[in-house]
Amino acid sequence: MSKDSKNTAAGLAAAAAIDVDEITGHRRMRRTRVADWSRRLVRETRLTVDDLIWPLFIVPGTNIAEPIAAMPGVNRMSVDRAVEAARMAADLGIPALATFPNVEMDKRDVTGSHALDPDNLINQATRAIKQAVPNIGIITDVALDPFTSHGHDGILRDGEIINDETVRAIAAAAVHQADAGADIISPSDMMDGRIGAIRRALDAAGHQNVAIMSYATKFASACYGPYREAIGTSGLLKGDKRTYYLDPSNAMEAIRDAGMDVEEGADMLMVKPGLPYLDICRALKDTYGLPTFAYQVSGEYSMIKAGHAAGYIDGERIMMEKLLAFKRAGCDGILTYFAPEAARLIAKGGG
Ligand SMILES: NCc1[nH]cc(CCC(=O)O)c1CC(=O)O
């Protein structure tokens with residue numbers, strides 16, 4: 001018998017004689033997993049309809065619901081159709097909507113001045129939805145990118161995004177959005193000082209009860225592509241947003257950046273994109289204890305849809321698993337294009 005086979009024989013004898021209780025000390029993790037009832041009993045995290053925020057894309061016109069090629073199942077809707085969608089969302093129990101406009105190209109300019117029009121598309125949508133469906137929360141994005149001719153979130157001069165001028169424009173746009181009835185203002189531009197500026201402007205306008213959900217940590221990500229198609233900025237954008245969005249490499253910087261937003265008066269924090277940044281979700285929740293949200297962005301949505309359509313994955317189960325992961329990572333809710341689909345599944349007892 002060679003030495004190797006002698007060792008093998010000893011290993012096999014040891015394997016046959018193993019006393020697992022001696023290893024685990026009679027502790028068995030599987031005891032609570034034995035049945036559905038016991039798994040339910042020890043479940044730590046649950047996804048409920050209260051966790052869902054539904055982003056809507058608004059276009060000018062009436063009776064329009066046009067598919068977005070890069071986001072199967074998602075439509076751009078005219079205000080009247082968005083009102084119907086809001087009613088459906090409220091009936092499903094979804095607490096809030098987040099609105100994003102796709103405005104006509106001739107309304108876009110270098111400074112994004114149409115963002116400051118009290119009657120622009122986003123403000124029209126807010127008024128109409130508030131009037132028809134008063135009990136659903138409305139979260140408005142105040143970045144300039146839907147209104148700029150270059151697709152950047154700020155005022156662009158000599159190839160540079162001008163921080164302070166952008167902050168003043170965003171604060172003014174936020175006042176108009178609150179006047180129109182927005183409940184939560186959500187700046188997604190990552191300029192420095194914008195939270196404090198928006199808070200001051202809102203308070204001066206008598207909007208003390210309008211909250212701010214900061215896109216506190218928004219990363220320069222490749223996951224936003226389908227969204228840019230949805231709001232019509234993909235063909236406009238030159239260069240990238242790395243001079244103002246966070247570097248995906250930096251977690252400590254993200255925590256410091258969110259800290260400034262907390263000091264400046266943010267009521268809620270958001271992490272964007274979602275799943276690749278669960279570490280940031282957990283860090284912000286543990287560090288600041290504020291209501292914390294994740295934005296499962298367009299690219300994350302479309303990847304699941306595409307994988308499902310190709311037959312590679314079970315899209316529905318993956319949707320629920322990923323939404324649950326945000327809760328486990330400490331999030332209080334998720335902005336997700338899946339909101340109605342997930343709400344229906346939860347209502348049926350699925351998930
Ligand atoms: N203010 C920009 C903005 N607002 C919402 C998204 C992305 C949302 C998504 O991908 O679902 C972005 C990112 C961008 O275009 O750079």
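Atoms within a ligand are numbered from 1 in the order they appear, just like the ligands themselves. This structure is a prediction, so every number in the text was calculated from the model and none was measured.
Listed by number with element, the atoms of ligand 1 under 4.0 angstrom from any heavy atom of Tyr245 are 1 (N), 2 (C), 13 (C), 14 (C), 16 (O). Set against the non-hydrogen atoms of Asp141, the atoms of ligand 1 under 4.0 Å away are 4 (N). Short contacts between ligand 1 and Ser188, defined as distances under 4.0 Å to a heavy atom of the residue, involve ligand atoms 1 (N), 2 (C), 4 (N). Close approach to Lys241 involves these atoms of ligand 1, each under 4.0 Å from a residue heavy atom: 14 (C), 15 (O), 16 (O). Ligand 1 places these atoms under 4.0 Å from at least one heavy atom of Tyr337: 8 (C), 9 (C), 11 (O). Heavy-atom proximity to Tyr295, at under 4.0 Å, picks out these atoms of ligand 1: 8 (C), 11 (O). For ligand 1 and Ala143, the ligand atoms under 4.0 Å from any heavy atom of the residue are 1 (N). Proximity to Arg228 (heavy-atom distance under 4.0 Å) selects the following atoms of ligand 1: 14 (C), 15 (O), 16 (O).
Remark: among candidates Met190, Glu300, Lys272, the nearest residue to atom 5 (C) of ligand 1 is Lys272, based on non-hydrogen atoms.
Contacts between Val297 and ligand 1, counted as non-hydrogen atom pairs separated by less than 4.0 Å, involve both the backbone and the side chain.
At a threshold of 4.0 Å, the pair Glu165-Arg157 counts as salt-bridged, since one of the basic side-chain nitrogens sits closer than that to a carboxylate oxygen. With respect to the salt-bridge test (charged N to carboxylate O, under 4.0 angstrom), the residues Arg40 and Asp36 qualify. We find that Lys130 and Asp183 are joined by a salt bridge, their nearest charged nitrogen and carboxylate oxygen being less than 4.0 Å apart. Of the charged side-chain nitrogens involved, none lies within less than 4.0 Å of a carboxylate oxygen, so that Asp164 and Arg168 do not count as a salt-bridged pair.
A 4.5 Å side-chain heavy-atom check between Met190 and Leu246 finds at least one atom pair inside the cut-off.
Remark: aromatic rings of Phe326 and Phe293 are distant, center separation not under 6.0 Å. Phe57 has its ring centre less than 6.0 Å from the ring centre of Tyr337.
Considering only non-hydrogen protein atoms, atom 10 (O) of ligand 1 sits nearest to Ser298 OG, 2.7 Å. In terms of protein heavy-atom proximity, atom 4 (N) of ligand 1 is closest to Tyr227 OH, 3.1 Å. Among all protein heavy atoms, the one lying closest to atom 13 (C) of ligand 1 is Lys218 NZ, 3.5 Å.
Heavy atoms of Asp145 come nearer than 4.0 angstrom to ligand 1 in at least one pair.
In this structure a side-chain-to-backbone donor-acceptor pair under 3.5 Å is present from Asp80 to Asn63.
Looking only at atom types and distance, the side chain of Arg31 has no donor-acceptor partner in the side chain of Ser38 under 3.5 Å away.
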